[in-house]
Amino acid sequence: MPVSQPVNVTVTGAAGQIGYALLFRVASGQLLGPDTPVRLRLLEVPQAVKAAEGTAMELDDCAFPLLAGIDIHDDATAAFDGTNVALLVGARPRTAGMERGDLLSANGGIFGPQGAAINAGAASDVRVLVVGNPANTNAWIAAQHAPDVPADRFTAMTRLDHNRALAQLAARTRSTVSDIQRLAIWGNHSATQYPDLTHATISGRPALEVVDDEAWVRDTFIPTVAKRGAAIIEARGASSAASAANAAIDHVHTWVHGTPEGDWTSAGVVSDGSYGVPEGLVSSFPVTSSGGEWRIVPDLDVDDFSRERIDASVAELVEEREAVRALGLV
Ligand SMILES: NC(=O)c1ccc[n+]([C@@H]2O[C@H](COP(=O)([O-])OP(=O)(O)OC[C@H]3O[C@@H](n4cnc5c(N)ncnc54)[C@H](O)[C@@H]3O)[C@@H](O)[C@H]2O)c1
Ligand SMILES: O=C(O)C[C@H](O)C(=O)O
């Protein structure tokens, strides 16, 4: 990615909640770093273009030194033309009582055409993060429509789940999130996800030994992380926005700048068949990043409990893929 030339960052759903929490941070340099100018390309549906224009006015009014320009589009082909980083946020959020999978028929149709537009015109180094739900399967749909883009450039956001897990574990163990390493989210960004502490450490000690309470891990930690999205919707009356934008920033920043030595993070990436996850599915794994590429952490021991949880979440991803096929979206 060029350092002195502006990097084109396309954000879909720019006038939405997450868009509003995300764009100012991208423009201030938090996505790609303090030396990288960005040109923002905002994609919205026609009826929300005026609101996106309002956000663009506010971005101008921040006088961000790294913001090289803003273009607003209601056409995906134009919005993704020459794009280096594509943040696919635009999609309907769920409301109270819905599961994220319920959004498949409402949102799935968005990601095929956007994948095709990325295929048609994005820069050769394009990196795609799908935030819009159901994020894993939407990323898979987009990748299916972009045969000329390496599949590993399509990713789905599970960094929010990872960050939620860090916060819950830190609170329980009276440690700080920076003390924790090697935590992992496996599977789908849904209630079936598996937040895994079996390899995690807190200040170098095994996290499970520090916690010393299997029942808390099974009955409190895992469901709290997995159902946090619903708890936020219940409390706020709207789905998470600032924390989701923060996780998107973290995901791309780590993708571009790498993971710290000895640690990893979690991301929804195209499976290479590791850990019994069918090849091609977009599943969350423990991943490292280096040289701008994600790598699934290899050779981890998977105990029986973990195996069962990973398999359950992956089974849901397989079901979603079949539902997409039945809907004719790929
Ligand atoms: N992966 C995660 O961790 C995570 C976290 C939070 C939210 N989400 C998801 O992110 C999505 C956006 O959430 P939000 O709160 O910003 O919703 P929102 O309703 O506030 O905003 C969505 C925006 O997308 C726009 N949009 C719809 N279709 C579009 C299209 N085809 N092209 C471009 N823009 C389009 C809408 O006009 C709207 O402005 C939802 O699907 C939500 O469930 C994912
Ligand atoms: O849970 C949702 O529907 C929104 C988002 O995916 C979240 O995890 O907060």
Side-chain angles (χ1 to χ4, degrees), residues 10-23 41-55 72-80 86-118 128-139 141-142 155-165 167 185 187-193 195 224-252 266-268 282 284:
T10 300
V11 179
T12 76
Q17 290 198 91
I18 297 175
Y20 195 74
L22 181 60
L23 288 167
R41 323 281 292 277
L42 313 186
L43 177 66
E44 258 299 348
V45 294
Q47 59 273 28
V49 160
K50 193 162 176 8
E53 285 169 358
T55 304
I72 302 174
H73 302 277
D74 62 8
D75 171 64
T77 306
F80 291 115
L87 305 177
L88 273 47
V89 178
R92 195 185 133 186
R94 66 175 168 153
T95 42
M98 290 171 82
E99 285 303 325
R100 295 187 192 97
D102 298 337
L103 291 173
L104 200 50
S105 52
N107 289 340
I110 295 174
F111 292 86
Q114 292 187 356
I118 289 168
V128 183
L129 170 63
V130 176
V131 174
N133 279 317
N136 300 54
T137 296
N138 289 338
I141 294 171
T155 64
M157 192 165 91
T158 56
R159 185 63 168 264
L160 179 54
D161 309 293
H162 185 93
N163 288 346
R164 287 167 170 165
I185 305 291
N188 201 1
H189 172 64
S190 78
T192 67
Q193 69 179 262
T224 299
V225 173
K227 295 180 186 164
R228 187 72 163 180
I232 302 280
I233 290 169
E234 176 70 25
R236 234 171 67 82
S239 75
S240 63
S243 56
N246 179 67
I249 297 274
D250 284 351
H251 176 109
V252 174
S266 305
V282 177
S284 189

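Just so it is clear, the model here is predicted, and its values are computed rather than measured. Atoms within a ligand are numbered from 1 in the order they appear, just like the ligands themselves.
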Point to revise | Ligand-residue contact atoms, ligand 2 with Arg94, heavy atoms, under 4.0 Å | key: 1 (O), 2 (C), 3 (O)
Study note, to complete from the structure: Rounding to 0.5 Å, atoms CG (Leu160) and CZ (Arg228) come to a distance of 9.5 Å
Review point. Evaluating non-hydrogen atoms only, which member of Gly16, Pro93, Ala14, Ser243 is closest to atom 19 (O) of ligand 1?
Key: Pro93
Study note, to complete from the structure: Looking only at protein heavy atoms, what sits closest to atom 12 (C) of ligand 1 is Val89 O, 3.3 Å
Check your understanding: In terms of atom number and element, which parts of ligand 2 are under 4.0 angstrom from non-hydrogen atoms of His189?
Key -> 5 (C), 6 (O), 7 (C), 8 (O)
Review point. In Å and rounded to the nearest 0.5 Å, what is the CG to CG distance from Asn133 to Asp102?
Key: 11.0 Å
Review point. Which heavy atom of the protein is the closest neighbour of atom 16 (O) of ligand 1, given with residue, atom name and distance?
Key: Ile18 N, 3.0 Å
Revision key, fill the gap. Salt bridge (Lys or Arg N to Asp or Glu O under 4.0 Å) filter on Glu99, not counting sequence neighbours, yields Arg94
Check your understanding: Could you give the distance from CG (Leu43) to CD1 (Ile72), rounded to the nearest 0.5 Å?
Key -> 11.0 Å
Review point. Do the side chain of Thr10 and the main chain of Leu42 share a donor and acceptor less than 3.5 angstrom apart?
Key: no
Review point. Do Gln193 side-chain atoms and Ile185 backbone N/O form a donor-acceptor pair below 3.5 Å?
Key: no
**Study point:** Closest non-hydrogen atom pair between Ser239 and Pro93, with its separation
**Key:** OG-CB, 3.6 Å
Practice item. Could you check Asn107 against Asn138 for side chain to side chain donor-acceptor pair (under 3.5 Å), going step by step and ending with a plain yes or no? Key: CA-CA 8 Å; Asn107 289 340; Asn138 289 338; over 6 Å; no
Review point. Side chain, backbone, both or neither: which part of Ile233 comes within less than 4.0 Å of ligand 2 when only heavy atoms are counted?
Key: side chain
Check your understanding: How far is atom 5 (C) of ligand 1 from its nearest protein heavy atom, and which residue and atom name does that atom have?
Key -> Ala244 CB, 3.5 Å
Review point. Using a heavy-atom cut-off of under 4.0 Å, does the side chain or the backbone of Leu160 touch ligand 1, or both, or neither?
Key: side chain
Check your understanding: Which one holds for Met98 and ligand 2: side chain close, backbone close, both close, or neither close, with close meaning a heavy atom under 4.0 Å?
Key -> neither
Exercise for review: List the closest protein heavy-atom neighbour of atom 29 (C) of ligand 1: residue, atom name, distance to the nearest 0.1 Å.
Suggested key: Val45 CG1, 3.5 Å
Check your understanding: Atoms of ligand 1 less than 4.0 Å from His189 heavy atoms?
Key -> 1 (N), 2 (C), 3 (O), 4 (C)
Review point. What is the nearest protein non-hydrogen atom to atom 34 (N) of ligand 1, stated with its residue, atom name and distance?
Key: Gly13 N, 3.3 Å
Practice item. Please state which part of Asn133 comes within less than 4.0 Å of ligand 2, counting heavy atoms only: side chain, backbone, both or neither. Key: side chain
Review point. So which heavy atom in the protein is nearest atom 8 (O) of ligand 2, and how far is it from that ligand atom?
Key: Arg100 NH2, 2.7 Å
Check your understanding: What residue and heavy atom of the protein are closest to atom 22 (C) of ligand 1, and at what distance?
Key -> Ala91 O, 3.5 Å
Point to revise | Option nearest atom 18 (P) of ligand 1 (shortest heavy-atom distance, choices Arg159, Arg92, Gln17) | key: Gln17
Check your understanding: For the side chain of Arg100 and the backbone of Leu103, is there at least one donor-acceptor N/O pair under 3.5 Å apart?
Key -> no
Exercise for review: Quick one: look up the protein heavy atom nearest atom 1 (N) of ligand 1 and list residue, atom name and how far away it is.
Suggested key: Val131 O, 3.2 Å
Check your understanding: Are the side chain of Arg41 and the backbone of Ala78 linked by a donor-acceptor contact shorter than 3.5 Å?
Key -> yes
Point to revise | From the candidates Met157, Arg164, Arg228, Glu99, the one that places a heavy atom nearest atom 7 (C) of ligand 2 | key: Arg164
Check your understanding: Rounded to the nearest 0.5 Å, what separation is found between the OG atom of Ser284 and the CG atom of Asp161?
Key -> 7.0 Å
Exercise for review: Counting heavy atoms only, name the option from His73, Arg100, Glu44, Gln114 that's nearest to atom 32 (N) of ligand 1.
Suggested key: Gln114
Practice item. Measure across Arg164 and Ser240 and return the closest heavy-atom pair with its distance rounded to 0.1 Å. Key: NH2-OG, 3.6 Å
Point to revise | Interfacing atoms of ligand 1 (cut-off 4.0 Å, heavy-atom, Ala15) | key: 39 (O)
Check your understanding: Mind checking whether Ser240 has a heavy atom under 4.0 Å from ligand 1?
Key -> yes
Review point. So which heavy atom in the protein is nearest atom 43 (O) of ligand 1, and how far is it from that ligand atom?
Key: Asn133 ND2, 2.8 Å
Practice item. Report the distance from atom CG of Asn136 to atom OG1 of Thr158, rounding to the nearest 0.5 Å. Key: 7.0 Å
Practice item. Can you sort out which atoms of ligand 1 are near Ser239, meaning under 4.0 Å from one of its heavy atoms? Key: 15 (O)
Revision key, fill the gap. Value for OG1 (Thr12) from CD1 (Ile18), rounded to nearest 0.5 Å, stands at 9.5 Å
